[in-house]
Amino acid sequence: MLLVKVLLVTLLVMIVISLFTGLGFLLKDKGQTKRTAYALTVRIGLSVLAIIIVIVAAATGALQVNPSPM
């Protein structure tokens with residue numbers, strides 16, 4: 001369970017780094033290169049991976065989800 005949480009936090013940190021890297025490329029290149037699009041692709045891939053890990057961890061019981069309030 002701790003491994004899943006550490007993995008998710010690491011992925012979230014990598015997503016934020018990719019976000020600011022893309023911003024830096026956008027400001028520096030002024031749309032002349034494809035580095036901003038590549039940073040966006042990396043960020044989307046990491047986000048999809050994080051969502052898949054949460055779904056699999058919740059389905060296998062490695063991650064406890066909150067019950068419905070109803």
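Just so you know, these numbers use all the heavy atoms, side chains as well, and skip hydrogens, waters and symmetry mates. Model, not experiment: these values are computed from the prediction.
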Looking at every heavy atom in both [X] and [Y], which two are closest together, and how far apart are they?
{"X": "Thr36", "Y": "Leu26", "answer": "OG1-N, 3.3 Å"}
{"X": "Ala62", "Y": "Val4", "answer": "CB-CG2, 4.2 Å"}
{"X": "Gly22", "Y": "Ala39", "answer": "CA-CB, 3.7 Å"}
{"X": "Leu8", "Y": "Ala50", "answer": "CD2-O, 3.8 Å"}

Does [X] share a hydrophobic cluster with [Y], counting links as ILVMFWY side-chain heavy atoms below 4.5 Å and allowing steps through other members?
{"X": "Leu40", "Y": "Val42", "result": "no"}
{"X": "Val16", "Y": "Leu27", "result": "yes"}
{"X": "Tyr38", "Y": "Met14", "result": "yes"}

[X] side, atom [atom1]; [Y] side, atom [atom2] - distance, nearest 0.5 Å:
{"X": "Asp29", "Y": "Lys34", "atom1": "CG", "atom2": "NZ", "answer": "13.0 Å"}
{"X": "Leu23", "Y": "Ser18", "atom1": "CG", "atom2": "OG", "answer": "11.0 Å"}
{"X": "Thr10", "Y": "Ile15", "atom1": "OG1", "atom2": "CD1", "answer": "11.0 Å"}
{"X": "Ile17", "Y": "Leu12", "atom1": "CD1", "atom2": "CG", "answer": "11.0 Å"}
{"X": "Leu2", "Y": "Leu7", "atom1": "CG", "atom2": "CG", "answer": "11.0 Å"}
{"X": "Ile44", "Y": "Leu49", "atom1": "CD1", "atom2": "CG", "answer": "13.5 Å"}

